[in-house]
Undergrad: 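Structure in structure tokens, see below.
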Amino acid sequence: MDPSTPYGRDDVLRRILEELEAPGVLLTLTGLPGSGTSTVARAALSLTAPSCDPDTPGCESDRPCTSCTVEGRVCRSAGALEAALERCSSTDVGLILVEDVHHAVDGPAVVEDLRRSRPGLSLLLTARTPVGLPGEVVVRVPPLPLPDPLDAPERLRAEPAVHLFLDRAARAGAPVDVDGADLADVARICRHVGGLPLAVELVAARAATYSPSTLLHLLRRAPGQLLRPPGRRSHPSDGVADHDLATALAWSVALLDESARQLLFDLLVLGSSVTVDDVEQVTGRDDVVDDLAALVDVHLVEADHEGRVSRFTVAPVVRDHLRTMGTPSDELRRRHRSWARRVANDCLQLDESGSLSEARRRAAAVEPDLTGALDAALADGDAPAATDLALALLPVWFARGAVPGTADRVASVLSTLGEDTSDVAAETRSLVLAAWVQLLRAETASSAADVSAVVPELTRIREQARLRGDRALLGVTFVAVQAARSMVDREAAEAWAREGHSLARRLADEARLVRIETWLGMLAHQRGDPVEAAKWARSAVSRAHRLDDPGLALSPTGLLLSLPGPPPDGIELPDRTRLVDLARQHGDLRTLDWLEPMAAFGALGAGDLSTAVRHSMATLRRTGASGARPRAGPPLMCLFLVALQVQDLPCAGRLLGMVARHLDVLRPALPPAVAAVFDQAEEAYHAATGPEGVREVAWGAHLSHDEALDAALARSPGAWTGPSRSGRRWARPPPGRRPRGTPTRG
């Protein structure tokens with residue numbers, strides 16, 4: 001009986017093999033149903049010694065059998081497990097594997113009797129929970145690591161969960177050449193089921209019928225439909241047909257006592273990884289310690305001890321399963337909203353104290369809960385709660401990328417606020433929210449005229465804030481200046497930034513000083529004054545280092561790297577790729593989506609086309625995931641320059657057409673040198689191609705935002721670094737249709 005391939009289990013197997021080196025060990029593997037404890041155990045057994053099956057008359061191995069396997073599922077009658085263990089222990093076997101010992105009658109007691117009679121015998125058990133016998137060593141078998149859908153295709157294919165999905169899908173008759181958007185959707189499927197191997201296999205078994213995009217849609221709509229074997233067409237040899245994950249989960253829930261079961265259902269109101277204190281506040285209980293431990297023991301709740309404080313999360317498949325059995329009570333929802341508002345206020349206090357990065361990280365960690373509480377507050381017309389929650393969430397949403405509809409969502413919060421202006425704090429919050437609405441409209445604008453329309457609105461909001469004092473004016477100005485990114489006329493924005501700098505100095509707000517100095521440096525760079533840009537960037541970097549906030553130093557460091565000349569004395573600068581990695585680690589996608597195209601252009605200037613393509617593709621993948629379409633402009637522009645440099649003129653023309661839709665709002669953000677290079681490249685393209693080139697540009701311009709993104713991502717990265725000898729064209733999707741196999745974007 002050969003074990004299935006234990007995808008991504010090297011570390012667990014290594015730990016098991018180390019424990020089995022000790023004679024007479026009792027080792028129990030536990031895990032959530034479907035985590036693959038039996039697969040891992042059999043793999044460990046095959047690496048340890050030849051195995052015999054007690055129900056088989058003879059051993060097929062040509063070596064003496066030193067291990068034996070017993071299945072607890074077939075030992076449900078009294079005495080069955082004891083008899084099977086006696087047959088095993090009557091030979092020279094030194095290691096016995098008992099699978100699913102919790103299904104056998106009196107399993108732990110029978111195992112303990114055997115240990116007393118054979119002290120040197122090693123026992124490897126798989127069980128839903130630790131059996132609790134003296135000397136037991138427990139190894140928890142976790143789900144597979146969660147893949148990042150934004151990773152490059154070659155990295156995604158190496159992810160254990162994705163590898164498992166593709167292997168199972170291929171055995172079910174699905175296409176094996178999954179790539180691009182489909183591969184990203186496979187990664188999203190693996191994340192949705194929490195990396196649970198059996199769940200991944202059950203979904204993949206249907207891949208011959210449904211595309212990854214459709215499977216993801218079905219999982220989100222009704223996950224229970226896909227977590228059972230695919231009916232009569234299944235066969236036991238598939239390895240999944242005799243497993244019903246929903247039934248197994250129900251059995252695990254049934255093991256709990258009433259108190260632990262009630263806590264599990266209460267935890268459904270929480271969508272994030274939370275602490276024990278959070279659990280107590282939301283559930284209204286002060287006795288959760290033992291019940292939470294019981295839930296962790298049966299793997300229905302996952303415990304994360306990587307940080308200084310343990311955090312707990314309901315496993316995704318458990319959450320989906322339990323949601324079919326009931327919904328949280330109104331009282332629980334009210335406590336949840338109160339807790340979420342307290343978290344939001346903590347974030348706002350961090351923000352006001354200058355800990356901008358920490359405030360954003362804190363909000364991002366519980367974003368699903370804050371978002372759910374915001375929706376509930378809006379539904380109930382709870383203006384104060386909605387305001388606090390929105391202000392805590394906005395830096396998270398903005399860092400990820402502004403998308404159409406976000407401005408309207410924030411405007412709906414504003415509409416819940418009354419006309420009473422006697423509360424200065426409430427009025428200040430409403431003015432900051434109003435500034436955010438205008439900033440979001442500028443970020444998602446499709447024309448320079450739309451961007452210009454926000455300037456008078458922001459001017460009006462700033463004048464209202466001025467009447468409320470310096471702190472209100474700084475809060476509004478800090479938001480307003482960021483709209484300069486797409487402004488054609490930046491004089492107003494630069495004046496705002498200079499006043500904001502004076503306000504931040506007067507209020508000793510060092511963190512905002514760093515950001516404002518960075519923006520002043522960028523504005524100087526974009527109007528062609530690198531000397532002034534360097535002055536502001538140096539000041540911002542030095543200030544960020546004094547604050548010991550690496551996140552604040554990312555943007556001014558990137559600005560210094562983009563300026564001509566040697567680095568300033570006393571400031572050590574990382575290279576562009578290292579800076580991109582640092583931004584990725586900090587999770588600031590807005591900064592990353594500026595730094596990575598900058599790194600791509602830098603690599604292009606140095607003749608490193610493959611690195612330029614890699615950075616550009618990574619930015620496009622993030623753009624597709626976030627829906628922040630304006631951020632696709634710079635990487636598409638870089639790919640156009642690459643295609644032109646390698647003389648792939650059809651490709652260059654189509655990319656030029658894709659870039660055209662971004663130019664109106666992209667051009668104001670380009671430094672003069674970059675704009676000059678692009679203009680020269682565009683002239684060179686048209687000079688080399690003539691009327692045929694115009695048709696290629698029209699092809700690219702005809703595509704929608706999402707079609708253009710998919711078309712660019714669909715090309716193999718290797719195709720960008722060499723000339724096109726065949727003249728092969730991209731196939732344009734019919735009007736109104738997306739390329740086959742691509743998901744619908746929200």
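These numbers were taken from a predicted model, which means no experiment stands behind them. We use all heavy atoms of the structure for the numbers below, so side chains are in, but hydrogens, waters and symmetry mates are not.
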Undergrad: Salt-bridge test for Glu367 and Arg400: reply yes if a basic N is under 4.0 Å from a carboxylate O, no otherwise.
TA: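 A salt bridge is present here (some side-chain N lies under 4.0 Å from a carboxylate O).
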Undergrad: Do Val432 and Val479 make a side-chain contact, defined as non-hydrogen atoms from C-beta onward lying under 4.5 Å apart?
TA: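 In contact.
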Undergrad: Ring centroids only, cut at 6.0 angstrom: are His525 and Trp519 within range, meaning strictly under it?
TA: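 Centroid separation for His525 and Trp519: 6.0 Å or greater.
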Undergrad: If you compare all heavy atoms of Ala652 against all heavy atoms of Phe640, which two are closest, and at what distance to 0.1 Å?
TA: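 Reported closest heavy-atom pair: O-CD1, 3.2 Å.
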Undergrad: Apply salt bridge (Lys or Arg N to Asp or Glu O under 4.0 Å) to Glu532 and Arg538, showing your working.
TA: CA-CA 10 Å; Glu532 183 181 350; Arg538 283 197 302 270; over 6 Å; no
Undergrad: Say you draw a straight line from CZ of Arg576 to OG1 of Thr557; how long is it, rounded to the nearest 0.5 Å?
TA: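 Separation between the atoms: 12.5 Å.
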Undergrad: Side chains of Leu394 and Leu433: closer than 4.5 Å at any heavy-atom pair?
TA: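 Yes, close enough: below the 4.5 Å cut-off.
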Undergrad: Please walk me through it: do Glu159 and Leu146 pass side-chain contact (heavy atoms from CB on, under 4.5 Å)?
TA: CA-CA 8 Å; Glu159 287 285 345; Leu146 301 182; over 6 Å; no
Undergrad: Could you check if a side-chain atom of Arg631 sits within less than 4.5 angstrom of a side-chain atom of Trp594, using non-hydrogen atoms only?
TA: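 A side-chain contact under 4.5 Å is absent here.
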Undergrad: For a quick check under 3.5 Å, do Thr406 and Asp408 share a side-chain donor-acceptor pair by atom type?
TA: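 Checked: Thr406/Asp408 side chains show no N/O donor-acceptor pair below 3.5 Å.
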Undergrad: Would Arg498 and His501 count as a side-chain contact (heavy atoms from CB on, under 4.5 Å) here? Give the steps.
TA: CA-CA 5 Å; Arg498 291 185 185 279; His501 188 264; 5.5 Å; no
Undergrad: Is it true that a side-chain atom of Thr214 and a backbone atom of Tyr210 form a donor plus acceptor pair closer than 3.5 Å?
TA: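 The answer is no, because no donor-acceptor pair under 3.5 Å joins these two groups.
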Undergrad: Evaluate Thr444 against Val403 for side-chain contact (heavy atoms from CB on, under 4.5 Å), listing each step before the verdict.
TA: CA-CA 6 Å; Thr444 55; Val403 298; 5.5 Å; no
Undergrad: Between Ser562 and Leu559 (side chain of the first, backbone of the second, donor and acceptor by atom type, cut-off under 3.5 Å), is there such a pair?
TA: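 It does hold such a pair.
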Undergrad: For residues Leu215 and Leu219, determine if any side-chain heavy atom of one lies less than 4.5 Å from a side-chain heavy atom of the other.
TA: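 When only atoms from C-beta onward are counted, Leu219 and Leu215 do not touch, as no gap falls below 4.5 Å.
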Undergrad: Should Asp664 and Val451 count as side-chain neighbours, where that means a heavy-atom distance under 4.5 Å?
TA: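 Not in contact.
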Undergrad: Salt bridge or not for Asp581 and Arg578, using N-O below 4.0 Å?
TA: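 No, this pair does not count.
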Undergrad: Salt bridge check: are Arg462 and Glu499 linked by an N-O gap of less than 4.0 Å?
TA: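 Yes, this pair counts.
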Undergrad: Looking at Asp450 and Arg441, is there a salt bridge between them, counting it only when a charged N and a carboxylate O are closer than 4.0 Å?
TA: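 No, Arg441 and Asp450 are not salt-bridged.
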Undergrad: Using a strict cut-off of less than 4.0 Å between a Lys/Arg side-chain nitrogen and an Asp/Glu carboxylate oxygen, indicate whether Asp185 and Arg188 qualify as a salt bridge.
TA: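 Salt bridge: yes.
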Undergrad: Is a side-chain N or O of Tyr685 found less than 3.5 angstrom from the main chain of Leu644, in a donor-acceptor match?
TA: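 No, Tyr685 side chain to Leu644 backbone: no donor-acceptor pair under 3.5 Å.
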Undergrad: In Å and rounded to the nearest 0.5 Å, what is the CG to CE distance from Asp593 to Met598?
TA: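 Between atom CG of Asp593 and atom CE of Met598 there are 13.0 Å.
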Undergrad: How long is the span from the CG atom in Leu216 to the OG atom in Ser211, to the nearest 0.5 Å?
TA: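 Result: 9.5 Å between the selected atoms.
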Undergrad: Specify the closest pair of heavy atoms between Arg191 and Pro149, including all atoms of both residues, with the distance to one decimal.
TA: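 Minimum heavy-atom separation between Arg191 and Pro149: CD-CD, 3.7 Å.
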Undergrad: Give the intermediate values and the outcome of side-chain hydrogen bond (donor to acceptor under 3.5 Å, both in side chains) for residues Ser616 and Thr619.
TA: CA-CA 5 Å; Ser616 298; Thr619 307; over 6 Å; no
Undergrad: For the pair Gln645 and Leu604, evaluate side-chain contact (heavy atoms from CB on, under 4.5 Å) and give the outcome as yes or no after the intermediate values.
TA: CA-CA 10 Å; Gln645 187 161 327; Leu604 178 62; 3.7 Å; yes
Undergrad: Taking the basic N atoms (NZ, or NE/NH1/NH2) and the acidic carboxylate oxygens, is any pair closer than 4.0 Å for Asp351 and Arg512?
TA: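 Yes, this pair counts.
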Undergrad: Under 3.5 Å, side chain of Arg360 to main-chain N/O of Val396, donor-acceptor pair present?
TA: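 Pair absent, no side-chain N/O of Arg360 close to backbone of Val396.
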Undergrad: Can you find a heavy atom in the side chain of Val697 that is under 4.5 Å from one in the side chain of Arg654?
TA: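 No, their side chains stay 4.5 Å or more apart.
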Undergrad: Are Leu620 and Leu639 side-chain neighbours, meaning at least one heavy-atom pair lies under 4.5 Å?
TA: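 Leu620 vs Leu639: side chains touch.
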Undergrad: Please collect all side-chain hydrogen bond (donor to acceptor under 3.5 Å, both in side chains) contacts where either partner lies in residues 670-684, sequence neighbours excluded, each pair once.
TA: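 Passing the test, one end in residues 670-684: Arg667-Asp679.
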Undergrad: Using a strict threshold of under 4.0 Å (side-chain N to carboxylate O), is an ion pair present between Glu154 and Arg157?
TA: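 Between Glu154 and Arg157 there is no salt bridge, as every charged N stays at least 4.0 Å from the carboxylate O atoms.
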Undergrad: Regarding Glu443 and Arg590, does a basic nitrogen lie under 4.0 Å from an acidic carboxylate oxygen?
TA: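 Salt bridge flag = yes for Arg590 with Glu443.
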Undergrad: Could you report the tightest heavy-atom contact between Ile461 and Ala435, atom names first, then the distance?
TA: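 For Ile461 and Ala435, the tightest heavy-atom pair comes out as CD1-N, 3.9 Å.
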Undergrad: Would you confirm whether Asp489, through its side chain, and Glu491, through its main-chain N or O, come within 3.5 Å as a donor-acceptor pair?
TA: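 Yes, Asp489 side chain to Glu491 backbone: donor-acceptor pair under 3.5 Å.
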Undergrad: Just verifying a value: how many Å separate Leu552 CG and Ser357 OG, rounded to the nearest 0.5 Å?
TA: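 Rounded to the nearest 0.5 Å, the CG-OG separation comes to 4.5 Å.
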Undergrad: If I compare all heavy atoms of Pro147 with all of Leu156, which pair ends up nearest, and what's the gap?
TA: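 For Pro147 versus Leu156, the nearest heavy atoms are CB-CD2, 4.1 Å.
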Undergrad: Taking side chain as C-beta onward, heavy atoms only, is Ser542 less than 4.5 Å from His545?
TA: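 Ser542 does not reach His545 side chain to side chain.
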Undergrad: So, for Ala493 and Met487, which heavy atoms are closest and what is the spacing to 0.1 Å?
TA: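 Scanning both residues, the minimum pair turns out to be CB-SD, 3.9 Å.
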Undergrad: I need the Glu596 CD to Thr591 OG1 distance, nearest 0.5 Å.
TA: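 The OG1 atom of Thr591 is 12.5 Å from CD of Glu596, to the nearest 0.5 Å.
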Undergrad: Working to the nearest 0.5 Å, report the span between OG of Ser447 and CG of Leu663.
TA: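 Rounded to the nearest 0.5 Å, the OG-CG separation comes out at 13.5 Å.
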Undergrad: Has Arg155 got more than 12 heavy atoms of other residues, nucleotides or ligands less than 6.0 Å from its CZ?
TA: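 Open.
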Undergrad: Look at the side chain of Thr371 and the backbone N and O of Pro368, then say whether any donor-acceptor pair between them is shorter than 3.5 Å.
TA: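 Side chain of Thr371 to backbone of Pro368: no pair is present.
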Undergrad: Provide the closest heavy-atom pair for Ala540 versus Thr518 in the form atom of the first, atom of the second, distance.
TA: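 Heavy atoms of Ala540 and Thr518 come nearest at CB-OG1, 3.6 Å.
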